[in-house]
Engineer: 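Below: one structure in structure tokens.
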Amino acid sequence: MTVTLADVAARAQVSPATVSRVLNGNYPVAASTRERVLKAVDDLDYVLNGPASALAAATSDLVGILVNDIADPFFGIMAGAIQSEIGGPGGRAGGERLAVVCNTGGAPERELTYLTLLQRQRAAAVVLTGGAMEDAAHQAAVAAKLRKLAEAGTRVVLCGRPPAPDTGAIALTFDNRGGGRELTDHLIGLGHRRLGYIAGPQERTTTRHRLEGHRAALTAHGIEEDPRWTVHGRYDRQSGYEATLELLRRDPGLTAVVAANDSVALGACAALRDSGLRIPDDVSVAGFDDLPFSIDAVPALTTVRLPLAEAGARAGRIAMGREEEPPGGIAMVRGELMVRGSSGGPRP
């Protein structure tokens, strides 16, 4: 059943005219009243300018791209590739579509807010990039938003994110577990038995999946993990630097450091050098993602290459209806191990 302006007014206990003033922003309204109206809009999932069912189901020429941090190359590469497939004719009356990049900063409430705003604007498509939050309540709230979008005719694609069952969203999921296992298998194959691991934030699915892959490799080779060998932190260079110093403090005998991503790995390399250790002669280092700077590190970084640009472009084509959905609405995107100079056998 379509929610009307009158429904919002009744929920907020104001007149329909007041609701219109708040939504249009063209007349002064008391802050407390404005907050009450906006809460009613969110509670009822009211779609602006959508009192008629036909209009509510129509879509605009807007395409939303949600990222955690546009300054992070991981997200920037995907967003750029998605946008490259959105440009050109294809909108209403053959016009251009407008891509809007929504930077959540990793904040769950911002993710929900952007999804609500895109629903109100009747976006033609929405692409969510990167890992999801592990919080069950947030996952349920996101799933509800995705269902609302799909029901209104918006195409929803998840790029690098686990599937969201029963939402109508198409998922291009990165094989983080497989990549994590392959990376650690490589280091163990070189002879390493004491491997430190710098994990990402505990609340992210990407963190858990990559760590599970790492631990699966240890188990497969009969290596018992020491609790001292894992440190969690942010997905950035400074976190990698600090975490590596902590790992060395806990166990100076570590011969390898596996990082949650390439930015973290760069920080690990800096910490090892500042500690008087050579890479890979004293300690090997490995990252994940194969971001553009990885090959230019000294030594070049061993990592798992995720096809970020290719996955982003595919997500864009699916969002625009120019490529068929994968069977079952889910496709696993696998990485490739890139062995470079930062990994070698441990000292005898």
Side-chain angles (χ1 to χ4, degrees), residues 1-69 98-158 161 164-169 203-204 319:
M1 183 172 129
T2 302
V3 177
T4 67
L5 191 104
D7 295 327
V8 175
R11 172 66 69 92
Q13 296 182 319
V14 297
S15 69
T18 298
V19 174
S20 180
R21 288 167 183 162
V22 169
L23 296 179
N24 292 326
N26 59 0
Y27 193 86
V29 177
S32 59
T33 301
R34 181 177 182 276
E35 289 175 9
R36 203 160 67 246
V37 169
L38 292 178
K39 185 177 186 305
V41 167
D42 286 339
D43 289 345
L44 297 174
D45 275 323
Y46 175 67
V47 178
L48 187 62
N49 293 331
S53 58
L55 182 57
T59 58
S60 68
D61 290 334
L62 181 69
V63 176
I65 305 171
L66 271 67
V67 301
N68 277 4
D69 181 5
L98 173 65
V100 176
V101 177
C102 306
N103 196 79
T104 69
E109 64 276 8
R110 294 304 302 162
E111 184 172 62
L112 292 172
T113 295
Y114 283 130
L115 290 174
T116 299
L117 292 172
L118 290 166
Q119 179 193 343
R120 290 178 192 166
Q121 295 297 322
R122 304 188 302 281
V126 174
V127 182
L128 295 86
T129 63
M133 295 288 294
E134 292 276 35
D135 181 77
H138 178 69
Q139 288 180 344
V142 169
K145 295 291 185 185
L146 299 186
R147 279 192 291 272
K148 286 283 188 181
L149 285 161
E151 289 167 1
T154 298
R155 294 192 188 95
V156 181
V157 183
L158 312 177
R161 178 178 285 229
D166 303 318
T167 63
E203 68 273 12
R204 308 300 301 190

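As a basis for the values below, the full set of heavy atoms in this structure was taken, side chains included, without hydrogen atoms, waters or symmetry mates.
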Engineer: Indicate the atoms forming the closest heavy-atom contact of Val19 with Ala9, along with that distance.
Structural biologist: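 Residues Val19 and Ala9, closest heavy atoms: CG2-CA, 3.6 Å.
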
Engineer: Hey, mind stepping through Thr167 and Lys145 against side chain to side chain contact (heavy atoms under 4.5 Å, CB included) and telling me if it holds?
Structural biologist: CA-CA 9 Å; Thr167 63; Lys145 295 291 185 185; over 6 Å; no

Engineer: Identify the two heavy atoms, one from Ser20 and one from Leu5, that lie closest to each other, and give their separation to 0.1 Å.
Structural biologist: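 Taking Ser20 first and Leu5 second, the nearest heavy atoms are N-CD1, 4.4 Å.
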
Engineer: Got a salt bridge between Asp42 and Arg120, using NZ or NE/NH1/NH2 to carboxylate O under 4.0 Å?
Structural biologist: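 Salt bridge: yes.
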
Engineer: To the closest 0.5 Å, what do you measure between CG (Asp135) and CZ (Arg204)?
Structural biologist: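 Output value for this atom pair is 11.0 Å.
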
Engineer: Please say whether more than 12 non-hydrogen atoms of neighbouring residues, nucleotides or ligands are located less than 6.0 Å from CZ in Arg34.
Structural biologist: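 No, CZ of Arg34 has 12 or fewer neighbouring heavy atoms, counting only those of other groups under 6.0 Å.
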
Engineer: Measure the spacing between CD of Glu203 and CD of Glu134 and express it to the nearest 0.5 Å.
Structural biologist: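 Between Glu203 CD and Glu134 CD, I get 9.0 Å after rounding to 0.5 Å.
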
Engineer: What pairs with Arg161 under salt bridge (Lys or Arg N to Asp or Glu O under 4.0 Å), at least two apart in sequence or on another chain?
Structural biologist: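 Checked Arg161 against salt bridge (Lys or Arg N to Asp or Glu O under 4.0 Å); matches are Glu111.
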
Engineer: Indicate the atoms forming the closest heavy-atom contact of Leu149 with Leu118, along with that distance.
Structural biologist: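 Taking Leu149 first and Leu118 second, the nearest heavy atoms are CD2-C, 4.3 Å.
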
Engineer: What is the distance from atom OG1 of Thr33 to atom CD of Gln13, rounded to the nearest 0.5 Å?
Structural biologist: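 Separation between the atoms: 11.0 Å.
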
Engineer: Side chain to side chain contact (heavy atoms under 4.5 Å, CB included), that's the test. Do Val126 and Leu115 meet it? Break it down for me.
Structural biologist: CA-CA 8 Å; Val126 174; Leu115 290 174; 4.1 Å; yes

Engineer: For the pair Val67 and Thr104, evaluate side chain to side chain contact (heavy atoms under 4.5 Å, CB included) and give the outcome as yes or no after the intermediate values.
Structural biologist: CA-CA 6 Å; Val67 301; Thr104 69; over 6 Å; no

Engineer: Please find the pair of heavy atoms, one from Pro108 and one from Met133, that lie closest to each other, and give the distance.
Structural biologist: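 Here Pro108 and Met133 meet closest at CG-CE, 3.6 Å.
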
Engineer: Provide the closest heavy-atom pair for Thr154 versus Ala123 in the form atom of the first, atom of the second, distance.
Structural biologist: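 Of all heavy-atom pairs spanning Thr154 and Ala123, the closest is OG1-O, 2.5 Å.
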
Engineer: Examine the side chains of Thr113 and Thr116 and answer whether a donor and an acceptor come within less than 3.5 Å of each other.
Structural biologist: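 Checked: Thr113/Thr116 side chains show no N/O donor-acceptor pair below 3.5 Å.
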
Engineer: Atom CG of Asp61 and atom CD of Gln121: how far apart are they, to the nearest 0.5 Å?
Structural biologist: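 The CD atom of Gln121 is 12.0 Å from CG of Asp61, to the nearest 0.5 Å.
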
Engineer: How long is the gap from CG on Asn103 to CG on Leu66, to the nearest 0.5 Å?
Structural biologist: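 One finds 9.5 Å between CG of Asn103 and CG of Leu66.
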
Engineer: Apply salt bridge (Lys or Arg N to Asp or Glu O under 4.0 Å) to Arg11 and list each qualifying residue two or more places apart in sequence or on a separate chain.
Structural biologist: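 In terms of salt bridge (Lys or Arg N to Asp or Glu O under 4.0 Å), with neighbours along the sequence ignored, Arg11 is linked to Asp43.
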
